[in-house]
Amino acid sequence: APSDGGGSPEPVSGGTLVYATGDAEPSCLDPHVGGNYPQGLLSTQYLEPLFGRDAEGEIVPWLAESGEASDDGLTWDIALRDDISFTDGTPFDAEAVKANIEHLQDPDTASSTGYLAVEQVDSVEVVDDSHVRLHLSTPKSAMLEVLSQQWAAMESPEGIARGNDENCQAPIGTGPFVVESWSPQESVTLTRNDDYVPTNPEIDHDGPAHVEQIEWRFIPDAATRQAALASGEVHVIDNPLPTDIAAADGQGFGHLDAPRPAASNRIELNTAQPPFDDDRVREAFLRAADPSPGIETLFAGTATRSFSVLSSEEPVRLSDEELFRTDADAANALLDEAGWTERTDSGTRMKDGETLTARFPVSTNQSTAAEQSLFEQIQANTAAVGFDLQLEPMDLSSWYGALAAHDYEAVSAPYTTVGPDVLRILYHSDSTVPAPSGYFANNAQLTDPDLDAFLEEALATTDPDERADLYTQAQRIILDTHAVLPLYDQQNHFLTNGVTGVTAIHTISTPTFVNAQLTE
Amino acid sequence: MTLLTVRDLTVDLPGAGRVLDGVSLDLSPGEVLGVVGESGAGKSVLARTLIGLTREDPRASVAASTLTFDGTDMTRAGRRAWRRLRGSEIGLVLQDALQSLDPLRTVSAEVGETLAVRRVARTERRQRIVTALHRAGLHDAEARLGQRSGELSGGMRQRVLVASALVGGARLVIADEPTTALDATVAARVLDLLRSLADDGAAVLLITHDLHAVRRVADRVAVLEAGRVVEDGSAAHVLAEPAHATTRALLDAVPRGPKPPLRPAHRPRTPILRADAVTRRYGHVTAVDDVSFSLEAGETLGVVGESGSGKSTLARLLIGAEHPDSGAVSRHGTPRVRLVPQDPLGSFDPRHSVGQILRLSHRDGAPSPEELLRRVELDARLLTRRPAQLSGGQRQRVAIARALAANPDVLVCDEPVSALDVTTQAGILDLLLGLQEREGLSMVFISHDLAVVRRISDRVAVMKDGQVVDSGNTEDVYANPASAFTRELISASR
Amino acid sequence: MRAAARGRALGVSGILATLVAVLIGVAVVAPGLLAPGDPLAVSPAEGFQAPSPAHPFGTDESGRDVLTRVVHGAAASAGIGLAATAIGIGLGLLIGFASGLGTRLVDGALSRVVEVLYALPTLVMALLFVAVLGPGPRSSILAIGLATAPGYARMIRARVRQVAGSDYVSYARHEGVSAPTVFARHVVPNTLWPLIAMITLGIGQAIVWVSALSFLGLGAEPPSPEWGSMLNAGRVYLGTAWWMTFFPGLAIVVTATALTVLGRRLSSGGTR
Amino acid sequence: MTPRRWAVSLRWIAGKLGAAIGVVWLVGTLVFFALRATGDPLEAILGGPGSQAGEEAVQAAIDRYALDEPLVVQYLLQLRDIATLQFGDSYSRRLPVMDLLAAHLPSTLLLAVLALALAWALTVAGALVQAVARGRLGALVRAGLRSVEVVASVAPQFWFGAVLIMVFASSLGWLPATSASSDPASLVLPVVTLAVPIAGFLSQVSHDALDDADAAPFATTARARGAGEMRVLLRHTLRHASLPAISLSGWAFGSLLSGAVVVEVLFARPGLGRLLQEAALARDVPVVIGAVVIVALLYVAVVIATDALELLVDPRLRRRPQSLRAPDVAVGA
Ligand SMILES: Nc1ncnc2c1ncn2[C@@H]1O[C@H](COP(=O)(O)OP(=O)(O)OP(=O)(O)O)[C@@H](O)[C@H]1O
Ligand SMILES: Nc1ncnc2c1ncn2[C@@H]1O[C@H](COP(=O)(O)OP(=O)(O)OP(=O)(O)O)[C@@H](O)[C@H]1O
Ligand SMILES: [Mg+2]
Ligand SMILES: [Mg+2]
C-alpha cells in the first residue's frame, strides 16, 4: 500500500481528489429538497449559504455582508455581497435570495430541514440589488444560524426555475466546485469553479480551489472505505471505524475530527408512558447506565463522554457531570422507592405484575456498530439493577414507524442543525405534535410550560447575553427531568491519505476542499 | 505362444468373501475358451478381473501368482498400463446388457468410444461403427446410430454392447453371456462372429450357460464351480465325457423335448386374459402390430421371435403398464397377474434388500421369503443383500421369487431364465410346471430359447416386426412351421 | 466387536462428525456444562482481548467471552438453521412432490409458483415479513425459508420424476400397490435419502443467510448470542480482532461439515 | 431439425413465454399488495422517513400519484405500467424507474453471469480433481475437497468479501477494493466473493450425483473400453452429475442476485441489487416493483434456459413419467 510516511510529500496543484462517503447517497443533490446530512455534506462543495460560523461558534458573513434584526425581532435586514455570480452566470443578488426562500417554502419542493429554517418568514422584500428584508410572523433570534445551514444555501434562480427534477441532478451554486455528472450509486463528479470568488470563511488563499476535480464516491461499507483509503484508491473517507481512527496516525493517515453542532448524541427516555413517566425510575436508569467505560474502549479514545444535551461546538452548552454519576446503590434505592420491589427469576424488577421493561428501538442505519455495542452494554448495566431494556434493531422506516406509534420507552435519535435553537426543536411541547407523516422531534415527550417559555423567549430575544442565559436555564430544566442521557458529541471524523488542507466548516461540520491539495 | 496366462487367481469382494479361488487359465490366439458354470460361480467376476476392473474397488483384494497378457506381467501393472489394454487389446462385453449403455449417449457415441479414445479419425470411425454393428447382427445399424439405450429392445442393447467390444479390434475378447437376450437366429450370428474373430487370430473367452453355444464355437472349455476351476479340457472331450459331477449335471439339464403332460388342473379351462388387435407405436416404429390372442386358465402361451419384434412391449401391454394405441387387453374374472421383467435389476428398489423386496410383494397364501428363495435355488443368506450385490442369475431368480410371492394366477415372464445356467434353468422350469399343475397357474412365457419354450408351452406365438407370424399348438408349430421366419429360427437353434 | 465394526463403517470422519454433533447437542441443551459463564455479562475494560488461557476464543468489543457466547449461541443458531430449513424443505417437499407427480396442469401451476418464489428476491421477501411481523429473526427465518424453498422444490421434483419413471415404481404399480403406498415406500425414500446431505448443508447455509440479512440492515437481532449475528457484529473489527468472527464462523463451518458428513452417511445408507 | 421438431420446439417456447407472463403478473400483484399492506407510500414520496412535510406537500403528493383513487384503480394502473414496462417515477429519486433500471441492470448482470461462469468452472474443476485423485493419496484429496465444498458453501459473503478486501486490497494492494466501473480488475474480488459459495453448493450437488453415476454399470463399460478417468468423467458421469446442478442453476442465479446485493454494498458497486435494497428500505414502491418485475423476467429467462439445457442433456426428460395410479386394464365379466 502506498504510504506517505517518511519524507514529507510535496503538495501539487490540480488532480482529482477522491472522496468516499459512507453516508447514504442523496436522492436529490439539491439540499432544499428534503434536507438531510448527506445532502449537506455534498452540497458544501458547490453551494454556499448566506452566513457561516467561525471556530468560536460566532456567526460570520459568507454570501451576505451582514444581518441585523429590528428591535421587535420581526424584520431582518440582510446586506449581500455584490461581486458574486452563480456558476451559470446568473448574478447573486436580492432577487436570488427571495427566489431561494420561496423555493424552500414551496410545498412542491418538499423541503423539511430548510423549510423549518424559514418557517417564520412571511415575505421577502427586495430592497435593492444587494439588500433584502425578511418579514417574520414571530421573532426568531436564531435566524442567522439557521440561514447558515447548508440546507438553506443559495442556488441560482435560473437553476431553480428548471424544476425540481432537473435541479436535483445538478443544482447550480456559487461554490468552489460545480456538479458535472452523477452516476447513481457510484459517484458524483465535481469540477473546479475557475471563477470562484473566495467567500468561504475557511479559505486560506486567493482564487479557485487547488484540485481540478472531486470524485465523490459512495462506499457504504466502513471496512471497504478503509481499505480503499489504505490502498490509495481514495483520498478522504468519512465515518471511519473508531479502531481505524485510532490506528490512523501509525499508518500515516491524516485525521480530522469535526463534531457536529447543536445537539449531542443522547438517549432519551419517554416521559409520557410507564415506566419512565416516573422521575425516580428515570434517574435510576441514568445512575445505572454507566456508559463511560464502554465509550472509552469502543471508541478507542476518539470520543469524549458528554454530560450536556448540546454539542461541544455550542458555546452556550451546560454540562453537569454529577447528575450522571454512576451509582448502582442509589439506582436500586430509587427503584425500591418507586415501588419496583418484586423480581422475576431472571432478576428483572416487577411492580403490580408488570415487569420493568423498556423498549429501545435502534436504527441500524443511524447507529454505528460501536454505538450499538454501547447500547448493549447499557442494557447489561441496567439489567444489573433490574431493568429489562429491550434493544430492537431495525431499518430506518420501521424505526420511524415505531417512534410514530410511540412503541418506545427509550430511543437515541440524532438531530443536526446549527445553534442552540435545537433545544426548541427537540424539547418544546409543540414538538410532541406529529407532522402529517407522524414524525415528531420531542422523543422525551417533555411538556413543561416553563421550558416552553424559556425556549420561546430565547427565540424572540435579540440580546445575545440574555439569549445565552435563557438557553442555560432551559438546559437546566431539561437535564433535571432525568429524561436525557448524553453520550458524546455526534461523531464526525474524516481520515485522509495523500491530501493536505482538508478542513471542516463550523456550521454543520462538513469538510470543504477549497484548500485541499493532493500530495503525490 | 499363449496370449493370456493366469495362475492362482484369487479374488475377495466386500460382502461376498472369496469369489475366485486359485483360478488358472491359458488362452492362445485363434482359440475360443468357453467358461461355464452355475449361476454365482464367479464367471462374471473372472471376466471383470481379467480386464483389471475388480481391482479398482479399493475394498476388493485381487491376487495371482502369474497374470501375463502378451508377455507383459500384469500383476503389478498400474492403472495406466491396464487402461492401454482395455478396448484396444482386450474387449469386454458385460453381462448387464440392459444397464451397460449410458442412457444419455447415442449408440454411435457408445460404440465408437474405443475408437475415440484411440483418436481414430471421425470419418473412419463411423464406417467402423456401422461395420461392427452389422457384424453384431444389427441390420438397421444406420438408423440406430442416433438412438439411446432407452429406445432399444433388450437384444438390441446386447448387440450394441457386442459391437462396442469388438470395434477396436481387440486381440482378446471376453464375452460375458453375450446372447442371453438374443433370439436363436441372431444368437447364432453372434456366436459365429466370435468364432470368426478367433479364426482371424484373436483369442476369445466366452462365458455362457448355453452348452449348445459352447459346443458350437469353443475349442476348449473350463468349468467353474464356487470360484474354482473343476474341469478343464478340449470342448469335444469335456462335453462328450464329462469328468466332474457339475459338468455332468449341466449336460443332463439341457432342456429337450416337449412339455410333459400335466395332470388335469382343477380349474375349468376358461379364458382369463385376452388381447384384441392390440397395436403400440413408438414414433415410426410399430412395436406391436395388431396382435390378438386369448390365454386360458392353466395354460402356457410361449412367445418367441426376433429380437426387437415387440415381445417386451407386448408384455408391458398385457400387464397394463402401457396402453395400446388401438385394440384392447381384457381380463376375465379378477386374476392376479405378475410380471417377471426382462431387466430385473431396474425393477428392484435399490434401497431394499432381497428380504424386503420379497416381503413387500408377498400376498396371502404364498410361501415365506425363505421358502421362495429355496424354491428358486438361492441361499437364504442372500436375504440381506441388495440387488446390486447379486450375480445376473441370482437377480433373475429373485425376480421370479418376487412374482411368485404374490401367489399369482397369471405370470407374464419376459426372458425369465435367460441368465441361468442350464441346471438352474431346469429347476426353475420344473418349479413353474409344478405350479401350473398344482395351482392352475397360467403363463405367458417370452423367450428366445426355442427349446425352453417348447418344454413349457402349450401353445406358441412367433413374432416378427411386431406381428404374430405363426401360432398354434407348440408341437404343431415346431413340426410344421407356417412361415419362413419360423423355419429359420428352428433351424438356427439346432 | 459390533461397535468396532460400526466404527470402521463410520470411518474417522464419521466418528469425528458424531463427536461434533454430540458436542453441539450438549451446547444446545445444556450450554452451562460446556461454558459456565454468562454470555451477556459485559466488562468494557476487558474488550478486544486476543485468545488467551483465560479467554480461549478471546473477548468481544464489550469484553464478553467469545467462547461462552459461541457455546450459548448454539441453541439460537441451531433454531434458526432448523426452522428456516424446515420451512424451505417442507414447502419444497410439498411443491416438489405435487408437481413431480401431479398432472401436467398441476405441475405447470406449481412450477409458476416456484418461479414466483424464485423471482422474489430474498431481500424483498425479508422486507415484506419485516413489515408484517416486525423486525427480528422470525421475519428473516420465514424469508429465508421461503427463499430456499424453490431450490429444494426443483431438486425434489427432478428426483421425483426420475423415481416415478423408474422400473421399480412401475413394477409396484403393476403389483396393484396403492398410489399412497408406492409414494411412501419407493418415491419418498428414493427422493429424500439422496437429499439428506443437501438438507444438512442447508442448515448451515440458513444461519449464514439470516446473518446476511442483518448485514443488509434487515432482520437485525438483539444482542443475544447467535453465530450469524456474532459474525456480522464482529466483521467491522476484522482488521483488529479477527477472533471475533473467526470462532463463530468456525462454529458454523464445523456444524455444517459435521451434519453434512453424517447426512451423507445416512443417505448412502448401505447402497454404496 | 425437421419441421415437426421445429413445431414442437416453438410450442415449447410459446408455452414457456405464456408462463413467463403469468409469473410476472403474479409477482407484480404480490409485491404491489404486499408493499401497500405494509406501509403508506406517502412517507416515501415525502422524502423518506422522518419527513417533516406539511399539509400542502402531502396533498400535492396525493394528487401526483393518484393515491386518493380506490386501491383497485391504483392496482389496475400499476398493471398497465407493468404491461408497458413503464413503471412510473421513483418516489425518492424522482426519475423514471425504467431509466434507473436500465442504468443499474447491466452491471449486476455482468457480475452475476461472470460469477455463475466462475462457479461452474470451479465445480467442474473440482469434479476433475475428484476424478483423477485415486488411491490412498487421492482419497485424502477427495476428502479435503469435500470439506472445502462445505466450507465454501457456508462462507458468508459479507464476511468472505471483507477478508478478501483486507488481504488483496489493503495488505497486498494487488487488486482494487472498490469498483470503478471501467476497470476490469475491480471485478475480480466481487466475482470471486459471489461465486465461491455458489460453487461450493453446486459442487456438493454434482459431487453426490457423480458418485452415483460412477457406480453405474455404464461407467464400468466405459472403463472396459479403455476410457481413462478423465474421459469417463467428461463423456459419461459428468453429464449425469450435471443434471441436478443444471436444474439448480436457475436457483443459483437467483441466489446470485440476492448475493449481488451484499456484494454491491460491500464493494460499492452500482447495481440492481443495491437499487432494490435501497428502494425496499425506503419503501419506494415503483422502483421495487420495477426491479422485481425485471428480476422476475430474468429468472424466467434463466429457468427457460436451464429447462432447455436439461432437455438437451437428458433426452429421457422429454417424456413425462406415468402417474402413480394403478394400471387400468379392462376387466371382463
Ligand atoms: N459387486 C459385488 N459385490 C459383492 N458381491 C458380488 C459382487 N458381484 C458379484 N458378487 C458375488 O460374487 C459371486 C459371483 O458372482 P458372479 O457375478 O461372478 O457370478 P456368475 O458366475 O457370473 O453368475 P451368473 O451366471 O448368475 O451371472 C456371487 O455370489 C455374487 O453374489
Ligand atoms: N420406449 C421406447 N421408445 C422408442 N422405441 C421403443 C421403446 N421401447 C421399445 N421400442 C422399440 O420397439 C421395438 C420392440 O421393442 P421390444 O422391447 O418390445 O422388443 P423385444 O421383442 O422385447 O426384443 P428383445 O428380445 O431384444 O428384448 C424395438 O424396435 C424398439 O426399438
Ligand atoms: Mg454373471
Ligand atoms: Mg425384450
Side-chain angles (χ1 to χ4, degrees), chain B residues 48 51-53 56 58 79-80 82-105 109-110 113-114 116-118 148-151 161 164-165 167-168 174 271 273-274 317-323 328-335 337 345 388, chain D residues 2 4-5 8 131-139 142 209 212-232 234-243 246 310-319 321-333:
Chain B
R48 290 207 300 273
I51 199 164
L53 286 173
E56 304 258 325
R79 309 166 45 75
R80 191 176 297 261
W82 274 112
R83 195 154 71 231
R84 263 199 305 275
L85 293 187
R86 292 181 198 147
S88 43
E89 300 287 328
I90 311 180
L92 171 67
V93 183
L94 272 169
Q95 183 178 16
D96 295 309
L98 302 175
Q99 304 258 327
S100 289
L101 292 174
D102 189 333
L104 296 184
R105 282 162 51 95
E110 284 286 277
E113 178 137 47
T114 302
V117 171
R118 290 169 61 195
R148 294 177 175 80
S149 74
E151 298 164 83
L161 268 182
S164 87
V167 72
I174 302 172
L273 185 65
R274 277 174 67 92
L317 290 167
L318 290 179
I319 63 163
E322 261 181 58
H323 298 282
V329 172
S330 54
R331 297 175 180 179
H332 295 267
T334 49
V337 183
L345 183 56
Chain D
T2 64
R4 222 193 108 215
R5 289 187 66 179
V8 169
V132 293
R134 297 275 157 173
R136 204 168 268 282
L137 189 72
R142 288 152 69 98
D212 281 341
D214 204 59
F218 64 77
T220 310
T221 312
R223 293 200 174 91
R225 293 186 191 121
E229 288 308 324
M230 203 54 99
R231 185 179 174 88
V232 171
L234 292 179
R235 297 297 168 100
H236 297 270
T237 49
L238 193 60
R239 278 181 82 178
H240 292 261
S242 64
L243 277 173
I246 288 176
E310 247 181 319
L311 289 184
L312 215 66
V313 173
D314 189 353
R316 294 173 299 182
L317 291 177
R318 294 175 200 159
R319 277 176 285 139
Q322 302 118 332
S323 75
L324 290 185
R325 277 177 301 116
D328 50 58
V329 173
V331 174

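All values derive from a computational prediction rather than experimental measurement. Chain letters run A, B, ... following the sequence lines, proteins first, then strands; residues in each count from 1.
- The choice from B:R274, B:R118, B:E89, B:E113 that makes the most heavy-atom pairs within less than 4.5 Å of chain D is B:E113.
- Residues B:L101 and B:L161 are in side-chain contact: their nearest non-hydrogen atoms beyond the backbone lie under 4.5 Å apart.
- B:I174 does not touch chain D: none of its heavy atoms, backbone or side chain, sits under 4.5 Å away.
- Proximity to chain B involves both the backbone and the side chain of D:A222, based on heavy atoms less than 4.5 angstrom apart.
- Between B:L92 and D:R225, every side-chain heavy-atom pair lies at or beyond the 4.5 Å cut-off.
- For the set B:V337, B:D102, B:V117, B:T114, the count of heavy-atom pairs under 4.5 angstrom toward chain D peaks at B:D102.
- In this structure, chain D has a heavy atom under 4.5 Å from the side chain of B:L53, while its backbone stays farther away.
- D:H236 has its side chain within reach of B:R105: a pair of non-hydrogen atoms, C-beta onward, lies under 4.5 Å apart.
- When atom types are taken as modelled, the side chain of B:S164 and the backbone of B:E110 share no donor-acceptor pair closer than 3.5 angstrom.
- The backbone N or O of D:R223 lies less than 3.5 Å from no partner atom in the side chain of B:R83, so there is not a single donor-acceptor pair.
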